[in-house]
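So you know, we letter chains A, B, ... as the sequences are listed, proteins then strands, and number each from 1. Reckoned from all heavy atoms, side chains included, excluding hydrogens, waters and symmetry mates.
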Amino acid sequence: MLKIYNTLTNKKEDFVPINHRAVRMYVCGPTTYDYFHIGNGRAFLFFDVVRRYFQYKGFKVLYVQNLTDIDDKIIQKAKEEKTDIDKIASKYIRAFQEDIKGLGIKRASIQPKATDYIHHMIKFIKRLEHKGFTYSKTGDVYFSVGKVKDYGKLSGKNIDQLKAGARVIADMNKEFAGDFVLWKKAKPGEPQWDSPWGKGRPGWHTECVVMAKDILDKENYSRRDDSSNPAELFDIHAGGVDLIFPHHENEIAQARADSNSQLANYWIHNGFINIEGEKMSKSLGNFFTVRDILKKYQAETIRHYYLSKHYRSSIDFNTEILRDSQNAYNKLLQPLKEYYRDKGTFPQKLKCERLFKEEFCLAMDDDFNTARALAVLFELGKEIHKSNTSKDLLVYTLLKLGKVVGFFRNISAHIKEAKQDVYTEKLINMLITYRNEFKQERKWIYADMIRDDLAKAGIVLQDTHEGTKWYFKDS
RNA sequence: GGCGACAUCGCCAAGUGGUAAGGCAAGGGUCUGCAAAAUCCUCAUUCCCCGGUUCGAAUCCGGGUGUCGCCUCCA
């Protein structure tokens, strides 16, 4: 039984999907005003693994990830670069898709853009207004948090505490510091849409609620038969811990106000990445973009790094830790490389070795304990070396389970690639022949010269029982 | 001021009542003309400190100490 830690209840709970054959997830996506950093990357990648695991278990997965393409920061960036927000947004949406792909993350089933939903949002805000949850002043529309029962349940806060909160900056138009803006009046020169409250744009907290509902409608995900579930629900709504408050809290508040829905049954939040013990964030400026890290490290290295610790813990980032992950991942790759070099292919269509599979699933079922799951893969790798009789089965199992966490992407192509250039291969084989001649004649100096010079060119020679093998240093 | 999390080998990191997974690094062996790579073996009687509960605690309780997060845009 899969157990998931639910922020809503602060407990590990048995996962019971709304539909027993399908899982619907909504994962908060990027605000597209910059390249995303490795902290964002952790969330995107981890929830990709969650999705893969559900698929591995036989669920059909609806994976929705929004793109926030209208927002203060985008407007700010557009001003700085003296261009308009569409250009900024589309540039970074494209970059987002590229970097996601670079990390080996599967594309979401649906990626709604906030600007495509402005009219839906206006309709939604009108409904909230009609039900008496809002107030408006001079063109801004606010949501009155105090009118929602259970406000603060997700983040474990109560309204009185929020009142006492020392750091809530007073917005003169707000009746209460915890209220949030649903519709923002446009300032001159800002992007704007017509609305019953004048020209303006939606506040950030509204888009996910509206898009989530609409998508379930469109996708024909009907309400659950029993009427105890009053509205469309996702199984999972996910994002980083920083989104718990106020973002997700406010989403729930709106859903409650609108249709007494809690939006999703399970709320999952991943921990932060720290730089030298301190939170990494755009506002602190101490961040690394995934784009830059991908220039130096392969996706699987980064993946290993992310998954080596439980997703709810915070995790440090530095170059040593990536180097460790690189070495670790290469170790995992080794038995596969060896197998492939011997057999020229990988085993197909077997069943996973039972014990390893069980151990792996036990780890993943325990609130996605990827660190424990990786340990199972390493044990499996070790076992492949030792085993004479069941190598095929074990190799197959390693490949299959590894893919659940996103490892071994295009592995056979990757191994083959190095040898594809026929001329290179001929030339290097020629040099190897010469070197062997020198070795026969015990002219070590010349033999070593060939080996050393090739090494400088990035080609490594290995003397083995079956003769001299070579490979490119980075493959 | 309010709320919360965490502290396990040199480093990273699982384990939440039954006697310390895994990875990196390190040391040793095999292989080699020497290397490199690979491979095999070794590597925490002990889990921040002090008390308590228990037949039994890294795990539960109480009290310290330390680190971090949220309460503001943020994954």
Side-chain angles (χ1 to χ4, degrees), chain A residues 10 12 27-31 33 36-47 71-73 76 152 155-158 160-169 171 177-178 204 238-247 249 269-274 277-284 287 304-305 307-316 318 320-332 334-335 337-338 359 363 366 369-382 385-386 438-440 442-445 447-448 451-452 455 460-465 469-471 473:
Chain A
N10 279 320
K12 258 190 217 174
V27 179
C28 279
T31 300
Y33 71 106
F36 67 85
H37 61 59
I38 54 167
N40 304 300
R42 183 186 192 187
F44 302 151
L45 189 139
F46 171 69
F47 294 113
D71 162 275
D72 286 355
K73 289 181 295 258
Q76 177 69 27
S155 53
K157 299 183 189 310
N158 64 54
D160 297 336
Q161 280 165 11
L162 289 176
K163 265 181 199 158
R167 295 163 69 195
V168 175
I169 297 156
D171 175 339
W204 175 45
V241 268
D242 51 334
L243 294 184
I244 296 173
F245 188 90
H247 187 55
E249 193 72 75
H269 296 96
N270 65 279
F272 274 130
I273 285 181
N274 295 149
E278 227 190 9
K279 165 187 168 180
M280 178 177 79
S281 77
K282 290 210 166 158
S283 49
L284 291 174
F287 64 89
H304 178 276
Y305 157 71
L307 300 177
S308 64
K309 193 163 181 179
H310 185 88
Y311 76 91
R312 276 188 287 121
S313 312
S314 57
I315 178 171
D316 263 305
N318 51 61
E320 292 83 59
I321 213 165
L322 277 185
R323 193 208 50 217
D324 288 357
S325 277
Q326 193 168 41
N327 290 341
Y329 181 69
N330 280 337
K331 180 172 178 165
L332 210 51
Q334 200 54 44
K337 276 187 181 172
E338 241 164 63
E359 280 301 311
D366 183 14
N369 193 332
T370 53
R372 213 169 109 197
L374 291 193
V376 176
L377 298 186
F378 282 102
E379 301 271 16
L380 186 47
K382 228 186 281 179
H385 285 301
K386 285 185 189 163
F438 287 128
K439 278 172 72 180
Q440 292 260 309
R442 307 191 148 258
K443 291 180 175 162
W444 311 123
I445 298 170
D448 289 352
R451 186 175 64 195
D452 294 346
V460 183
L461 297 191
Q462 286 181 3
D463 293 329
T464 74
H465 295 297
K469 293 183 178 179
W470 68 271
Y471 60 91
K473 208 177 167 192

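- Between the CD1 atom in I38(A) and the CZ atom in F287(A) there is a gap of 10.5 Å [rounded to 0.5 Å].
- Rounded to whole Å, the separation between the P atoms of rA57(B) and rC48(B) comes to 15 Å.
- The separation of rA44(B) from rC9(B), taken at their C1' atoms, amounts to 5 Å, rounded to a whole angstrom.
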Once base and sugar-phosphate atoms are separated, protein heavy atoms under 4.0 Å mark nucleotides 30-38 of chain B, 5' to 3', with B, S and - as -S-BBBBSS

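- The heavy-atom pair separating A447(A) from K439(A) by the smallest distance is CB-CG, 3.8 Å.
- One distance of note links CG of N274(A) with OG of S281(A); it measures 10.5 Å at 0.5 Å rounding.
- For rA21(B), there is no paired nucleotide, since no Watson-Crick or G-U wobble pair has both relevant distances below 3.5 Å.
- Considering CG of N270(A) and OG of S314(A), their distance stands at 11.0 Å, rounded to 0.5 Å.
- At the heavy-atom level, H37(A) lies under 4.0 Å from base atoms of the strands shown.
- rG69(B): Watson-Crick or G-U partner is rC3(B), with both key distances under 3.5 Å.
- E249(A) places no side-chain N or O within donor-acceptor distance of the main-chain N or O of I244(A), the cut-off being under 3.5 Å.
- Figure legend. rU42(B) is base-paired to rA26(B); pairs are counted as Watson-Crick or G-U wobble with both atom distances under 3.5 Å.
- If you check rA14(B) for Watson-Crick or wobble pairing at under 3.5 angstrom, you find it has no partner at all.
- A sub-4.0 Å separation between OP1 or OP2 of rG15(B) and a side-chain N or O of N369(A) is present.
- The interatomic distance linking H310(A) (NE2) with rA13(B) (C1') rounds to 13 Å, in whole Å.
- As rounded to whole Å, 13 Å separates atom C1' of rC73(B) from atom CZ of F245(A).
- Base pairing analysis places rU59(B) opposite nothing; no Watson-Crick or G-U wobble pair with both distances below 3.5 Å involves it.
- When each of rG69(B), rG15(B), rC40(B) is scored by its nearest atom to the side-chain atoms of R372(A), the top-ranked nucleotide is rG15(B).
- Distance I321(A) CD1 to rG23(B) C1': 11 Å, rounded to the nearest Å.
- Taking side-chain N and O atoms only, N327(A) has a distance below 4.0 Å to OP1 or OP2 of rA25(B).
- The residue L332(A) sits apart from the nucleic acid: no heavy atom pair falls under 4.0 Å.
- Across all strands, P246(A) comes closer than 4.0 Å only to sugar-phosphate atoms, never to a base (heavy-atom distances).
- Contacts of G277(A) with the nucleic acid, taken as non-hydrogen atoms under 4.0 Å apart, involve only primed sugar atoms and P, OP1 or OP2.
- When heavy atoms are screened at a 4.0 angstrom cut-off, G39(A) is found touching base atoms of the nucleic acid.
- Remark: side-chain polar atoms of K309(A) are not paired, donor with acceptor, to backbone N or O of A371(A) under 3.5 angstrom.
- Distance CZ/F46(A) to OG1/T370(A): 6.5 Å, rounded to 0.5 Å.
- In this structure rC48(B) sits in a base pair with rG64(B), meeting the Watson-Crick or G-U test at under 3.5 Å.
- Base pairing analysis places rG33(B) opposite nothing; no Watson-Crick or G-U wobble pair with both distances below 3.5 Å involves it.
- Only the P atoms considered, rG23(B) is 11 Å distant from rU39(B), to the nearest whole Å.
- Comparing the same atom, P, in rA25(B) and in rC31(B) gives a spacing of 23 Å after rounding to whole Å.
- Atom name C1', nucleotides rU8(B) and rU54(B): the rounded distance is 22 Å, in whole Å.
- From H304(A), atom NE2 reaches atom CG of N330(A) across 10.5 Å, with rounding to the nearest 0.5 Å.
- At the heavy-atom level, E320(A) lies nowhere under 4.0 Å from the strands shown.
- Taking atom CG on L374(A) and atom P on rG23(B), their separation rounds to 11 Å, with Å as the unit.
- Phosphate proximity of rC24(B) to K331(A): present, with a side-chain N or O under 4.0 Å from OP1 or OP2.
- Here, rA21(B) and rA58(B) have their P atoms 14 Å apart, quoted to the whole Å.
- If you take atom P in rG28(B) and the same atom in rC43(B), they sit 16 Å apart, rounded to whole Å.
- Comparing the P positions of rC34(B) and rU46(B) gives a spacing of 42 Å, expressed to the nearest Å.
- Using a 4.0 Å heavy-atom distance criterion, K12(A) is classed as making no nucleic acid contact.
- Atoms CD and CG, from E379(A) and L374(A) in turn, are 12.0 Å apart once rounded to the nearest 0.5 Å.
- Between the C1' atom of rA5(B) and the CG atom of N10(A) lies a distance of 11 Å, rounded to the nearest Å.
- In this structure, the nucleotide among rA14(B), rC73(B), rC41(B) sitting nearest to the side chain of K386(A) is rC41(B).
- For rA13(B), the OP1/OP2 oxygens have a side-chain nitrogen or oxygen of K309(A) closer than 4.0 Å.
- Annotation: of the two residues near RNA chain B, S313(A) and M280(A), the 5′-most nearest-nucleotide partner is S313(A).
- Put simply, CG on N158(A) is 9 Å from P on rC3(B), counting in whole angstrom units.
- As judged by a 4.0 angstrom heavy-atom cut-off over every strand, F44(A) is placed among residues making no nucleic acid contact.
- Closest non-hydrogen pair, N369(A) versus H310(A), comes out as CA-ND1, 4.0 Å.
- Looking at heavy-atom distances under 4.0 Å, L243(A) makes contact with sugar-phosphate atoms alone, never a base.
- When rounded to the nearest whole Å, the span between CG of N274(A) and C1' of rA75(B) equals 13 Å.
- In this structure, I244(A) places its CD1 atom 11 Å from C1' of rA5(B), rounding to the nearest Å.
- S308(A) comes within 4.0 angstrom of the backbone, heavy atoms only, and of no base.
- Within the nucleic acid shown, A328(A) comes within 4.0 Å of sugar-phosphate atoms alone, with no base atom in reach, counting heavy atoms only.
- Residues in residues 37-46 of chain A take part in no salt bridge (charged side-chain N to carboxylate O under 4.0 Å, His left out) pair, two or more places apart or across chains.
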